[in-house]
Amino acid sequence: MNYFVEGIQGSGKSTLVRKLSERYPGCTTVMEGDYSPIELAWCARLSETQYSEVLEQWNDLQDQLRSKSHKEDNCWIVCYTQVKSGNRDFYQQLENYEIYNGRTTFEEYKDIVLTRYRNWQGDSNIFECSLLQNAAEDMILFRDMSDDSIFDFYKEVRSALDGKEYEIYYIESPDIEKNLNAVRVERVDKNGNEI
């Protein structure tokens, strides 16, 4: 069995993932920002040329970058948020290579996401935010897609996951405003400004 843990920011996903991990120690836990066979949140997706340029530009971080990089067909997946750097420019640059937030065309985005779901053959995984949150936010906030279009996308996701064993745990938040206020406090730049 595989488990997908979903919910809005601040709803307790990480806590539930931790509890599931304790209950099912034989499962592999995949948090946002980890290298995942299906999800690319907080990860950069770079061509071979882009990857070489990043390694050259951030020469002092090369060892860390290489240790957090995974080759997939014709691209590199870099778990850049796991690289330790005091230079915020590094994170801002690598963020531009994420597939979310309208950084790709929808056709390219859909192809990447559905291909990853189709190709995934894993078992005994616990995934945080790998099915709903990031994709839905991208479609709502950055692509201004209609509900029907979003439902159509998830019908394709359902088809791509056909035959795979999974359960979805969605944490329903009783106080959405409280969750969002907590996230606002956490997600600030070095000057305390909301990002």
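As the structure is a prediction and not an experimental result, all values here were calculated from the model. All values below come from the heavy atoms of this structure, side chains included, with hydrogens, waters and symmetry mates left out.
Atoms OG and CG, from S67 and L61 in turn, are 10.5 Å apart once rounded to the nearest 0.5 Å. Distance check: L161 CG to L114 CG gives 9.0 Å after rounding to the nearest 0.5 Å. A distance of 9.5 Å separates CZ of R118 from NZ of K164, quoted to the nearest 0.5 Å. Within the model, atoms CD1 of I99 and CG of D138 stand 7.5 Å from one another, a figure rounded to the nearest 0.5 Å. Interatomic distance, CG of D152 versus CG of D147, reported as 11.0 Å (0.5 Å rounding). Annotation: the span from F142 atom CZ to T104 atom OG1 amounts to 12.0 Å, rounded to 0.5 Å.
Other residues, nucleotides and ligands contribute over 12 non-hydrogen atoms within 6.0 Å of the CD atom of E167. Counting heavy-atom neighbours within 6.0 Å of N96 CG, excluding the residue itself, gives a total above 12. Enclosure of atom CG in D63 is not indicated, since only 12 or fewer non-hydrogen atoms of other residues, nucleotides or ligands lie within 6.0 angstrom.
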Check your understanding: Checking side chain to side chain contact (heavy atoms under 4.5 Å, CB included) for the pair E53/L46: CA distance, chi angles, key distance, verdict?
Key -> CA-CA 10 Å; E53 290 169 354; L46 303 137; over 6 Å; no
Review point. Does the side chain to side chain contact (heavy atoms under 4.5 Å, CB included) test come out yes or no for V83 and W58, once each step is laid out?
Key: CA-CA 11 Å; V83 172; W58 300 99; over 6 Å; no
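When every heavy atom of C79 is checked against every heavy atom of C43, the shortest pair comes out as SG-SG, 3.8 Å. Across every non-hydrogen atom of S36 and V30, the tightest pair is CB-CG1, 3.5 Å. Shown here for V78 and S69, the closest heavy-atom pair between the two residues is CG2-OG, 3.6 Å. V54 and Q93 get closest at one heavy-atom pair: CG2-NE2, 4.1 Å. Contact detail for F153 and A135: the closest heavy-atom pair is CE2-CB, 4.2 Å.
You'll find the side chain of Q92 reaches within 4.5 Å of the side chain of D89, heavy atoms only. No side-chain heavy atom of C75 sits under 4.5 Å from any side-chain heavy atom of S47. Side chains of L20 and Y169 form a contact here, defined as non-hydrogen atoms less than 4.5 Å apart. For the pair E39 and N134, the minimum side-chain heavy-atom distance is below 4.5 Å. The shortest side-chain heavy-atom distance between S85 and Y80 does not fall under the 4.5 Å cut-off. Within the 4.5 Å cutoff, side-chain heavy atoms of I112 are placed close to those of R45. Residues L55 and R66 are in side-chain contact: their nearest non-hydrogen atoms beyond the backbone lie under 4.5 Å apart.
The only option from E72, H70, K68, Q82 that meets the side chain to side chain donor-acceptor pair (under 3.5 Å) definition with Y35 turns out to be E72. Tested against T28 for a side-chain contact (heavy atoms from CB on, under 4.5 Å), the candidates N125, D123, I126 yield a single pass: N125.
Taking the six-membered ring wherever Trp is involved, the centroid distance between the rings of Y3 and Y24 falls below 6.0 Å. In this structure, W120 has its ring center at least 6.0 angstrom away from the ring center of Y166.
For E48, the side chain to side chain donor-acceptor pair (under 3.5 Å) partners two or more places apart in sequence, or in a different chain, are K71, W76.
At distances below 3.5 Å, not a single donor-acceptor pair connects side-chain atoms of D111 with backbone N or O atoms of E107. Side chain of E98 to backbone of L40: no donor-acceptor contact under 3.5 angstrom is found.
Follow the hydrophobic side-chain contacts under 4.5 Å out from F127 and you reach I168 in the same cluster. Both Y170 and Y154 are part of a single hydrophobic cluster, where members link through side-chain heavy atoms under 4.5 Å apart. Note: the hydrophobic cluster containing Y91 also contains Y51 (ILVMFWY, side chain heavy atoms under 4.5 Å, direct or indirect links). Follow the hydrophobic side-chain contacts under 4.5 Å out from M139 and you reach F4 in the same cluster. Under the 4.5 Å side-chain heavy-atom criterion for ILVMFWY residues, no single connected hydrophobic cluster contains both V17 and W42.
Under 4.0 Å is where a charged nitrogen must lie from a carboxylate oxygen, and between R103 and E95 at least one such pair does.
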Using atom types as modelled, flag every donor-acceptor pair under 3.5 Å from a side chain in residues 5-16 to any protein atom, sequence neighbours excluded.
from: E6; atom 1: OE1; to: L132; atom 2: N; distance (Å): 3.2
from: E6; atom 1: OE1; to: Q133; atom 2: N; distance (Å): 3.0
from: E6; atom 1: OE2; to: S130; atom 2: N; distance (Å): 3.0
from: E6; atom 1: OE2; to: L131; atom 2: N; distance (Å): 2.7
from: E6; atom 1: OE2; to: L132; atom 2: N; distance (Å): 3.1
from: Q9; atom 1: NE2; to: E137; atom 2: OE2; distance (Å): 3.0
from: S11; atom 1: OG; to: I8; atom 2: O; distance (Å): 2.7
from: K13; atom 1: NZ; to: G7; atom 2: O; distance (Å): 3.2
from: K13; atom 1: NZ; to: I8; atom 2: O; distance (Å): 2.9
from: K13; atom 1: NZ; to: Q133; atom 2: OE1; distance (Å): 3.2
from: S14; atom 1: OG; to: E128; atom 2: OE2; distance (Å): 2.9

